[in-house]
Amino acid sequence: MSDTRTLTEPKERGAASRWLKMLWVDKPAFCAALFLLIVVLCALFGPMLMGDMATRQNLRGRNAPPFDLAQGWAYVLGADALGRPLLARIAVAAQNTIMVAAGAVLGSAVIGCALGLVAGYSRKRAAQWIMRLGDVIMSFPSLLLAVIVLYMLEPSVANIVLVLAITRIPVYLRTTRAEVLEIRERMFVSAARVMGASDRRIVFRHILPVVLPTLVTIATLDFAFVMLAESSLSFLGIGIQAPEITWGLMVSQGRQYLTTAWWLSFWPGLAIILTTLSLNLLSNWLRIALDPAQRWRLEMGGRRNG
Amino acid sequence: MAKHLLEVRDLSVEFHTAAGTVQAVQNVSWHLDRGETLAILGESGSGKSVSASAVMNLIDMPPGRITNGQILLNGQDMLAMGAEQRRRINGAKIAMIFQDPLAHLNPVYSVGWQIAEMVTTHGGSRGRARARALELLRRVGIPEPEAAMFRYPHQFSGGQRQRLMIAMALACKPDILIADEPTTALDVTVQAQVLELLEELQAETGMGILIITHDLGVVAEIADRVVVMNGGRIVETGRAAEVYANPQNAYTRKLIDAAPGKGAMPEERDRSDQPLLRAEGLEKHYGAFHALKGVDLTIMPGETVAVVGESGSGKSTLARAILRLDDPDAGKVLYRGNDLMTMPPRELFGLRRDLQMVFQDPTQSLNPRMTVFQLISEAWVIHRDILPRARWKDRVAELLTKVGLRPEHAARYPHQFSGGQRQRIAIARALAMEPKLIVCDEAVSALDVSIQAQVIQLLDGLRREFGLSYLFIAHDLPVVRDFADRVVVMRQGRVVEEGPVRRIFESPRDPYTQALLAASLDPDPAVQAARRIAREALETIPA
């Protein structure tokens with residue numbers, strides 16, 4: 001016991017450096033964090049720095065193969081059917097992709113989680129209504145819903161985010177509700193009620209922190225799903241429109257050249273995979289780091305590594 | 001040297017964990033003869049189960065490793081045998097029953113099939129296996145054995161499930177039965193029956209029984225010899241009666257002294273004041289189950305009232321109803337003359353301060369993601385008028401000292417404490433509210449005996465210091481004896497008897513109270529022998 005105390009002691013160093021240290025211990029998570037940092041930087045500054053390069057056509061470089069530096073460094077990953085450098089396009093597409101995916105995942109997670117907390121915690125009729133609403137969304141083919149909505153509305157980034165968010169709500173709604181139903185019967189919730197804690201306090205202070213790690217894990221997995229869903233909408237022509245690009249759209253555009261120029265779909269596909277994988281690794285790390293009973297794994301490793 | 005049925009010689013087992021290597025047991029030696037019952041007595045973490053797991057080859061290796069020793073079955077070293085040979089011994093020669101029978105019965109097979117499987121895996125034919133299963137069900141006293149063959153584990157009560165486990169264990173007529181805390185999860189009256197069954201079966205088959213327990217009462221009831229373990233070592237061994245009467249080791253002495261039910265009983269107090277809390281005619285239904293059937297209860301200021309009953313008696317429902325965790329269907333709860341049931345939420349919120357609760361399992365009642373400081377100071381976050389924020393830190397330190405912890409413990413999380421320490425944190429949290437009445441729902445049942453005694457002592461001291469009242473809910477009569485002023489005995493949602501503690505223990509009137517007292521196990525083997533005779537006398541008179 002005295003051993004565990006010395007581990008939790010070095011608090012004076014500041015919270016930020018403690019977290020960084022815990023991240024450094026988990027090497028895969030550290031790499032994942034670096035990669036995500038690059039993706040976020042691309043999303044922020046990509047269109048500004050490489051916007052021109054990504055849209056300029058170069059008919060001599062049509063379907064230029066990768067690893068050929070003859071046309072300049074931008075062509076290291078090859079070029080697409082119109083001779084535009086893939087590296088630049090991926091960097092520029094990061095913005096739309098991340099915006100759509102993050103927006104949709106965040107939106108659906110927040111709404112789904114909030115509704116799930118209500119549905120799980122209150123025993124009123126509203127809880128039933130919320131669940132039936134979730135069933136309705138679930139039983140309606142999500143792609144059909146997207147097609148109808150985007151056909152009627154303008155196919156813009158905001159609308160795509162909206163549609164994708166709505167179709168993913170039931171996932172969070174049901175998970176949250178199931179967990180809340182279990183946690184609300186736990187003894188520490190009863191203990192809080194005996195103390196006179198308000199419902200709001202019980203939900204946000206006692207129940208939500210226990211549900212959150214599960215939701216974060218689902219959200220990271222959902223990230224990939226949303227990216228691909230967006231690409232299928234783009235493929236149908238009701239998603240992101242032509243001059244704008246996303247990774248999903250690049251995958252589907254490259255599909256017809258798959259036998260002759262695999263790199264058109266491969267690189268954006270790889271970007272999707274790596275992003276999801278990184279998010280997953282990072283969420284796994286976060287789950288351990290946020291759990292006081294598990295945190296020692298990271299803190300102890302940190303000491304061993306110096 | 002004479003050959004023993006089973007002998008463990010100088011066994012040492014270590015486990016490799018993230019925190020380093022842990023010596024689970026060191027140089028443990030004991031032996032078991034035919035027709036004998038040996039008890040291994042120890043508290044949690046003493047390593048009492050490890051040697052039995054080694055015998056059954058149940059230690060996961062790695063992380064576990066047997067570093068030293070021999071396990072001799074009829075003189076043959078089992079540790080030198082191959083896995084296949086070990087498997088043939090398990091079940092056939094040595095069988096084991098566990099604490100929680102529901103967890104060890106497969107829920108998707110009928111019990112008849114599961115007992116028969118024990119026979120068929122060790123080479124019996126289908127028909128013979130079925131016949132044996134039926135015979136065993138009859139023998140262990142399952143009602144309607146033919147129909148029971150086709151029922152599933154969840155359709156039996158806890159005591160019956162333990163009987164089923166025993167039937168399964170006996171399927172191949174083993175020479176040795178290892179019982180790991182076989183009655184810990186059972187009610188007192190059921191516990192007495194199961195132990196009796198084990199003794200009968202032993203007399204019939206002449207098997208050796210190794211019983212692993214933390215309960216001195218179980219040792220007194222069933223064991224011939226006892227091995228006392230502490231911190232992975234054997235501290236004392238000998239005949240059960242001798243060890244109890246004349247313990248040589250300091251730890252054994254401490255354990256025996258800690259056993260509840262030996263201190264002086266408190267005198268009856270004056271009950272003419274206005275009661276602190278009064279429950280009248282409480283009723284509660286859960287679906288078709290009638291949990292409370294018109295229960296009345298009175299608690300005076302500064303008084304400890306114990307509610308005793310077996311599982312399903314409605315004692316916890318009563319506690320939850322009084323605190324309005326579950327609203328009762330009918331009845332009144334008057335706190336200083338005000339009815340809690342009809343009180344508007346705002347007033348009830350104020351009263352929450354006066355009525356606090358300490359739960360059975362502190363592992364579950366403390367939020368694992370909050371530090372001790374956050375847990376204790378939550379009381380003041382909710383009720384802002386108790387204490388200004390500037391004084392929180394000092395007050396937490398003060399409360400921690402009061403319950404026997406250290407002020408620097410405030411920064412830690414619950415999982416960094418032992419069970420007894422966690423219960424102390426839960427008590428500190430209740431005290432932070434400065435309550436008048438603390439409801440203790442089985443607050444000490446999950447703790448080791450010596451820790452139990454310490455926590456009860458703590459509660460008793462706090463009562464004197466702060467003039468607290470307790471509503472103390474327990475399934476165990478001896479615990480209540482030293483501590484309570486009044487005892488309320490509940491059965492099937494009704495109060496069957498109520499009175500001052502001395503009257504209940506010395507001259508119980510209700511037959512159920514008598515049965516409960518007769519079934520509870522005394523740590524003294526001599527007393528226990530006398531009690532067994534009394535119990536048999538009770539059984540012959542139809543209630």
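The chains referred to below are lettered A, B, ... by the order of the sequence lines, with proteins before strands, and numbering in each begins at 1.
- Of all heavy-atom pairs spanning A:Met195 and B:Ile382, the tightest one is O-CG2, 3.7 Å.
- Between B:Glu378 and A:Arg205 there is no salt bridge, since none of the side-chain N atoms of the basic residue sits less than 4.0 Å from a carboxylate O of the acidic one.
- Within 6.0 Å of atom CH2 in A:Trp19, more than 12 heavy atoms from other residues, nucleotides or ligands are found, so the atom counts as buried in its surroundings.
- A:Tyr172 pairs by the side chain to side chain donor-acceptor pair (under 3.5 Å) definition with A:Asp222, not counting sequence neighbours.
- Within residues 177-193 of chain A, the residues approaching chain B closer than 4.5 Å by heavy atoms are, in numerical order, A:Met187, A:Phe188, A:Ser190, A:Ala191, A:Arg193.
- Scored by the side chain to side chain donor-acceptor pair (under 3.5 Å) test, A:Arg132 finds A:Gln128, A:Asp135 as partners (sequence neighbours excluded).
- Only the side chain of B:Val381 has a heavy atom closer than 4.5 Å to any heavy atom of chain A.
- Considering NE2 of B:His415 and CG of A:Asp291, their distance stands at 8.0 Å, rounded to 0.5 Å.
- Residue B:Phe466 places its CZ atom among more than 12 non-hydrogen atoms of other residues, nucleotides or ligands, all under 6.0 Å distant.
- Within residues 345-353 of chain B, the residues having any heavy atom less than 4.5 Å from a heavy atom of chain A are, in residue-number order, B:Phe349, B:Arg352.
- Interface residue B:Leu323: only side-chain heavy atoms are found under 4.5 Å from chain A.
- The minimum heavy-atom distance linking B:Leu355 with A:Val194 is given by the pair O-CG1, 3.8 Å.
- Only the side chain of B:Met433 comes within less than 4.5 Å of a heavy atom in chain A; its backbone stays farther off.
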